[in-house]
2 protein chains.
Amino acid sequence: MFERSPAERPMPTSTIEDYLKAIYAEQLARPGERVTTGRIAEALSVTPGTATSMMKTLANAGLVSYEPYGGVTLTGAGEALAMRVLRRHRIVELFLVEVLGMDWSEVHPEAERLEHVVSEKMLERMDALLGRPTFDPHGDPIPTARGDVATTDHPSLLTCEPGRHRVARVLDQSADFLRRLDRCGVVPGEVATVGARDDDGPVVVETTSGRHAFDRAAAAQILVEPVQDPATRS
Amino acid sequence: MFERSPAERPMPTSTIEDYLKAIYAEQLARPGERVTTGRIAEALSVTPGTATSMMKTLANAGLVSYEPYGGVTLTGAGEALAMRVLRRHRIVELFLVEVLGMDWSEVHPEAERLEHVVSEKMLERMDALLGRPTFDPHGDPIPTARGDVATTDHPSLLTCEPGRHRVARVLDQSADFLRRLDRCGVVPGEVATVGARDDDGPVVVETTSGRHAFDRAAAAQILVEPVQDPATRS
DNA sequence: GTAGATTTTTTGAGTAGTCAAAACTTCGGG
DNA sequence: CCCGAAGTTTTGACTACTCAAAAAATCTAC
Ligand SMILES: [Mn+2]
Ligand SMILES: [Mn+2]
Ligand SMILES: [Mn+2]
Ligand SMILES: [Mn+2]
């Protein structure tokens, strides 16, 4: 009868944190659209009924606005919480790579668990040790402590001009794909030279490790930033 | 009817890991005795009924032997699991102090959560970075990966000979007590000179930070190791 | 614009963990 | 030997999360 009383703000469970992250990711992927329970269920590998009941829980907690048969959107509080979790996730990932020397292909599952238990204090220490980083190992932007995220707008290997580019971000973060990119030297920060493309063939890029071909689906997952290179410019 | 089938070994929950640690600690504190459900309830801040029902769960999983009204003891499997959690806990604590610069008085609650989510891989990296340590920030021994723990047998400030001693271990790990010891310079590795004691007065020790008095209860919590100091020996 | 497919919600049930309070053992005096 | 105190177990209930399958709503295509 009287849900959502003002004072009682029980600590969000890790399940709730993961749902909010998933909703945020879906919202980013299709801006403007409401996120359906089906997509959420898919993203979290639960049955549709489970997602529906969780949406009611989130709505009651004031974290999403939920319209039966009409999907959800994050409220301000929901987005703020999603940002805090995303910040923890990405700082942890970078920490695992930079400080513990783990591989960028294996840090995601670890961060998926750590993001729920790392204290504010510990996060601050990691952030400081890393030098207040702004991007994680996959090139994803790290939200600030106040919850702001940089929105970048990079072309992909499929849409960029031919020429020299710096790898900025990798969207497909499956371990296999990341390991393959590692072998190719196609990792954020590295420079790759994109060859001339035809309309439906693979994209060929050259890195320090040689020449590599990516099919169009793979190429679309790799975002780049043109390099202003005086040496190559006329 | 057929509980404890051989193949099904569901991953232990963090709750189970905490119960096993608590049982292990009680078992260490009173060797030989069976651990009562009451003590376990006390240690984990749950009601006695909750502890009882968890003991049945643990017994079914083959982790303790449970006798109604007769307490529990860890089985081999239970002790092995307790050791693995304790190893994670203590390596995490040392990591937080040594690498992230956190205070020894604040790392316990953090480790209490992290111990359940740190992967084998991440633990190995931390262990390597720390140089395969054998003691945590409180002087507690770190079990080996194979599950062996060093059993030390140090006198306390209350039972040691007067003279120079190296602080080896602190048993009371409440944040307040640890902060106080920090201010006194009474931390594992530091040397303290213990003055002559009378039968029921406080214990007076001298460290680089000056002269400090500990009441007998506090003194019993601080374990030390005599220093073989050529300069002071005749 | 209605039939059939698709999606979403509801219902009923189960696991893990917990508490409050009643019921039951055990054990230490007297 | 028995009685009461102390400790332990049982019972009934609750929260959080989940699934399977039935029911309902919505969408799509003729
Ligand atoms: Mn997660
Ligand atoms: Mn990432
Ligand atoms: Mn714990
Ligand atoms: Mn410790």
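By convention in this document, chain letters (A, B, ...) are assigned in the order of the sequence lines, proteins followed by strands, and residues within each chain are numbered from 1. No experiment lies behind these values; they were computed from the predicted model shown.
- Checked by atom type, the side-chain pair A:Ser174/A:Asp176 shows no donor-acceptor distance below 3.5 Å.
- Residues A:Arg125 and B:Leu96 are not in side-chain contact: their nearest non-hydrogen atoms beyond the backbone lie 4.5 Å or more apart.
- Sorted by residue number, the members of residues 18-53 of chain B with any non-hydrogen atom under 4.0 Å from DNA chain D read B:Thr36, B:Thr37, B:Gly38, B:Pro48, B:Gly49, B:Thr52.
- In this structure, the ring pair (Phe, Tyr, Trp, His ring centres under 6.0 Å) partners of A:His108, at least two apart in sequence or on a different chain, are A:His89.
- Under the salt bridge (charged side-chain N to carboxylate O under 4.0 Å, His left out) test applied with A:Glu17, the options A:Arg88, A:Arg113, A:Arg84 reduce to a single match, A:Arg88.
- The ring pair (Phe, Tyr, Trp, His ring centres under 6.0 Å) check on A:His116 picks up nothing, with sequence neighbours excluded.
- Partners of B:Asp215 by side chain to side chain donor-acceptor pair (under 3.5 Å), not counting sequence neighbours: none found.
- Atom pair B:Met55:CE and C:dG17:P shows a separation of 11 Å (rounding to whole Å applied).
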Using the 3.5 Å cut-off, write out each protein N or O paired with an N or O of nucleotides 22-29 of chain C and the distance between them.
| residue | atom | partner | partner atom | Å |
| --- | --- | --- | --- | --- |
| C:dT25 | O4' | B:Tyr69 | OH | 3.2 |

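- Remark: P of C:dT18 and CD1 of B:Ile16 are 10 Å apart, rounded to the nearest angstrom.
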Side-chain donor-acceptor distances from residues 64-71 of chain A under 3.5 Å, at least two apart:
| residue | atom | partner | partner atom | Å |
| --- | --- | --- | --- | --- |
| A:Ser65 | OG | A:Arg34 | NH2 | 2.7 |
| A:Ser65 | OG | A:Thr73 | OG1 | 3.2 |

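- B:Glu124 and B:Arg132 are joined by a salt bridge, as a carboxylate oxygen and a charged side-chain nitrogen come within less than 4.0 angstrom of each other.
- Taking B:Asp148 as the reference, B:Arg146 meet the side chain to side chain donor-acceptor pair (under 3.5 Å) condition, with sequence neighbours excluded.
- If you measure from atom CD of B:Glu17 to atom P of C:dG17, you get 11 Å, rounded to the nearest angstrom.
- Look at B:Glu115 and B:Lys21 and you find a salt bridge, because one of the NZ, NE, NH1 or NH2 atoms lies within 4.0 Å of a carboxylate O, short of that distance.
- A:Arg90 is linked by a side chain to side chain donor-acceptor pair (under 3.5 Å) to nothing, counting only residues two or more places apart in sequence or in another chain.
- In the 5' to 3' direction, nucleotides of DNA chain D lying under 4.0 Å from heavy atoms of chain B begin and end at D:dG7 to D:dT10.
- Applying the side chain to side chain donor-acceptor pair (under 3.5 Å) rule to A:Asp153 yields no partners; only residues at least two apart in sequence or on another chain are considered.
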Expected list for residues 42-51 of chain B: side-chain donor-acceptor pairs under 3.5 angstrom, two or more places apart:
| residue | atom | partner | partner atom | Å |
| --- | --- | --- | --- | --- |
| B:Thr47 | OG1 | B:Thr50 | OG1 | 3.0 |

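- Within residues 112-120 of chain A, no residue approaches DNA chain D, by heavy-atom distance under 4.0 Å.
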